[in-house]
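Heads up, the thing below is written out as structure tokens.
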Amino acid sequence: MLSAAGFAGGIVTAIVGAASLITFPAMLAAGLPPVLASASNNVAMTPSNFVAAWTDYRRLPAWKPAFWRVLAWVAAGSAFGAWLLMRTPESSFAKLVPLLIGLATALFAFSGSVRGWIVRHGEDPALHSARADRVGVALMAPVAVYAGYFGAGTSIMLLAILSLGPASDFRTVNVLKNLLSGISSIVAVFIFIVGGMVAWPQTLAMATGALTGGYVGGRLARVIPEEIVRWVVIVVGATVTVVSARRYWWNP
């Protein structure tokens, strides 16, 4: 079950993002407590981001100092988010689960509008000005913290922020999104592993499926109808939000 969830999550990661709306509930269904499930899910899904980025690596920008600064900014924020998660009491995090999943689902529901806006304004000079680029870098900090803490919906936030940068082509923005998601995850993964926050049997089972799914999804991103994947994830996210609210709010 976890391998299948990882495979589906890897495809979703490469095409539309928000794979945690599928994989995190699977970790909970496997019997892991919320904090351990969140950390293990982050570890399991990290490789699929890099696989998805690698399948279209030619779209990555030149590795200039400005690009390295963005990577460092994202890594620092993710580390802080992971640190916060490890220090959040299990009961408190459980209360946050419905809110986090609901937020991620809402973000994902508007992801089509975000993509449409990027495509329509891709050649707008004001969108890619130096000022817009600085605003985008500043917005990376809270998004990176959220990525290290929970992560679901991070890809949609990154897509919106990256549209303010120098890249105007959607495929370029998409592969950048995958790379930055991977960077934020790998930092959090290191912290979780050192802190003993990983359930390895469940994590490895999911990661096996996620690696294959990330590769397949990177290829399918060019041809598969996004609307089909998007609505499946929205329905799953909304269902999990209701179920988790009932579980952690009304029947603790």
Side-chain angles (χ1 to χ4, degrees), residues 1-30 32 37-60 78 101 104-105 107-109 111-112 115 147 150-159 170-171 173-189 192-193 198-240:
M1 182 269 287
L2 289 174
S3 293
F7 181 77
I11 292 176
V12 169
T13 292
I15 298 175
V16 292
S20 289
L21 292 177
I22 295 173
T23 57
F24 175 65
M27 285 291 193
L28 293 175
L32 297 183
S38 181
S40 298
N41 174 69
N42 204 328
V43 174
M45 296 307 297
T46 292
S48 66
N49 288 299
F50 289 106
V51 171
W54 174 77
T55 59
D56 214 9
Y57 71 91
R58 293 180 183 85
R59 294 277 177 169
L60 288 173
S78 178
I101 296 178
T105 303
L107 287 169
F108 189 74
S111 62
R115 286 174 178 78
F150 185 62
T154 301
S155 294
I156 289 88
M157 301 179 195
L158 288 175
L159 279 176
F170 177 76
R171 280 180 60 189
V173 171
N174 193 53
V175 74
L176 274 172
K177 174 263 294 180
N178 289 330
L179 177 63
L180 291 179
S181 293
I183 293 295
S184 66
S185 296
I186 200 69
V187 173
V189 162
F192 293 146
I193 291 175
V198 182
W200 284 110
Q202 294 89 338
T203 298
L204 292 175
M206 181 172 285
T208 301
L211 280 170
T212 306
Y215 178 80
V216 172
R219 299 294 182 182
L220 292 179
R222 307 169 189 177
V223 295
I224 194 172
E226 290 187 10
E227 280 299 301
I228 296 177
V229 179
R230 193 170 75 89
W231 279 107
V232 169
V233 176
I234 290 173
V235 171
V236 171
T239 302
V240 172

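Counting from 1, the numbers follow the sequence of the chain as shown. Because the structure is a prediction, the values reported are computed rather than measured.
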Quick one: list whatever passes side chain to side chain contact (heavy atoms under 4.5 Å, CB included) with [X], sequence neighbours left out.
| X | value |
| --- | --- |
| A26 | M1, L2, A5, M206 |
| L204 | W200 |
| A199 | L32, L36, S40, Q202 |
| S78 | S184, V187, A188 |

So how far is it from [X] [atom1] to [Y] [atom2], rounded to the nearest 0.5 Å?
| X | Y | atom1 | atom2 | value |
| --- | --- | --- | --- | --- |
| I186 | N42 | CD1 | CG | 9.5 Å |
| N41 | I22 | CG | CD1 | 11.0 Å |
| L211 | M45 | CG | CE | 9.0 Å |

> Going through the distances and angles, do L21 and T105 end up as a side-chain contact (heavy atoms from CB on, under 4.5 Å)?
Replying inline: CA-CA 7 Å; L21 292 177; T105 303; 3.7 Å; yes
Minimal non-hydrogen separation, [X] against [Y], with atom names:
| X | Y | value |
| --- | --- | --- |
| V198 | T203 | CG1-OG1, 3.4 Å |
| I101 | G237 | CG2-O, 3.8 Å |
| F24 | S38 | CE1-N, 3.5 Å |

> Excluding sequence neighbours, so at least two apart, what forms ring-ring contact (aromatic ring centres under 6.0 Å, His included) with F7?
Replying inline: none
